[in-house]
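Before any comments, here is the structure.
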Amino acid sequence: MSGGGSAGGQALAFTSALSLSLAALLPLPVLGAETGRRPYAVVDLHTDLSYQANFRGRSFAEGVGQFRAADLARAGVVGVVLPLFVPRDASSSGPRLTDLERSYQRVFSALARTEPYRLPGCIPRGGGVRTWLAFEGAGPLANQPDELRNFAARGVRVAGLVHTRKNELATSSGDPSVAEGLSPAGRAFATAAMSLGMVLDVSHASERATRELTAMSRAASVPVIATHSNARALAEHPRNLRDAELRAIAETGGVVGVNFHSPILSRQRVATLADVVAHVRYLARVIGPEHVALGADFEGDSRPPAELADVGGYQRLAQALERDGMSSEDVARVMSRNALRVLCRSGTTD
Ligand SMILES: [Zn+2]
């Protein structure tokens, strides 16, 4: 547990007043002479490197090649949310607390030794890529408030209760026949997570659970987010959000991270860069450009469009959005500023 103890100390060391100036975040690494322009800063709300490193035997620095550490500065990446995902088959009884803890330990030590990553938190630390940890399925934390507090103190900032199947906390969009939303333990978890400064994530939650989590966030006057989901109006997939859900998220001040995974961009057809542009454009029209972000789902066994096959695609997307008529101000919001607004709102404890 020595890594965890050290992590807790680090996180707590940064709990002093957070005076984050978004403007200060925007000086960017120079892309290079080949384009003659700076890249947009990029913050991605969902990258599954921990899954690749913890369960697929890949290195944290390389993954499957979609989110290589060596490519991040050049791609404009300044921040990323890393879910501590544990597959359902991690043990015969499903994900356990020890699995989450092991994932955390490994990810933390990987961050500590892998440039350009910084340890979890919002405070800029001399450039590099800032990180925030997340749950993508938090079933093992049902009725474990002390453990939840422990993870919050060590940099877990985003709380997705459920993955592709119902768990102890909530029903999933992967279980469309299940009527109920949050369990009593799920409601207690969501309340505790918000009180600890975490942001609730409705990606993968069932429609009813999404509705309940959004209502709880609204009642608590904090943003709710969908880290990696798209518009249901453009792709009829249970993982995607209906207009009413999009508007409810935006009303809390939250954001929706556009996912690059082909099946939830375009269903049957192989998706292209134009499909991602179409989802961004649609979301910006329905809920405003200040509520659109990116959650590419890199390293999550995802199949992105050929033009967005790895982090090199972020700036390609930015240019395509500009060509589509989006102002550079709004492109900057989508690429990073909106995500930073919800991840680093003042008063948070990291
Ligand atoms: Zn996911």
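Index from 1, following the sequence. Ligands are counted one by one from 1 in listed order, and the atoms in each one are counted from 1 as well.
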- Geometric class of the Phe135/Phe151 ring pair [parallel <30°, tilted 30-60°, perpendicular >60°]: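 Because their plane-to-plane angle is over 60°, the rings of Phe151 and Phe135 count as perpendicular.
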- Item | For the Zn ion (ligand 1): the N/O/S atom of His204 at shortest distance |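 Closest N, O or S atom of His204 to the Zn ion (ligand 1): NE2.
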- Query: What N/O/S atom of Glu136 gets nearest to the Zn ion (ligand 1)?
  - Reply: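 Atom name returned: OE2.
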- Message: Report whether any nitrogen, oxygen or sulfur of His228 sits less than 2.8 Å from the Zn ion (ligand 1) (N, O or S, backbone or side chain).
- Response: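 Checking the Zn ion (ligand 1) against His228, an N, O or S atom does fall under 2.8 Å.
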- Message: To check you understand the geometry: which heavy-atom pair defines the closest contact between Pro263 and Arg303, and what is its length?
- Response: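 Heavy atoms of Pro263 and Arg303 come nearest at CG-NH2, 3.1 Å.
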- Could you walk me through whether Asp99 and Arg102 pass salt bridge (charged side-chain N to carboxylate O under 4.0 Å, His left out), step by step? CA-CA 5 Å; Asp99 299 312; Arg102 193 177 305 121; 3.5 Å; yes
- Task: Apply the side-chain contact (heavy atoms from CB on, under 4.5 Å) test between Leu82 and each candidate in Trp132, Tyr51, Phe60; give the one that qualifies.
- Result: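 Among the candidates, only Phe60 passes.
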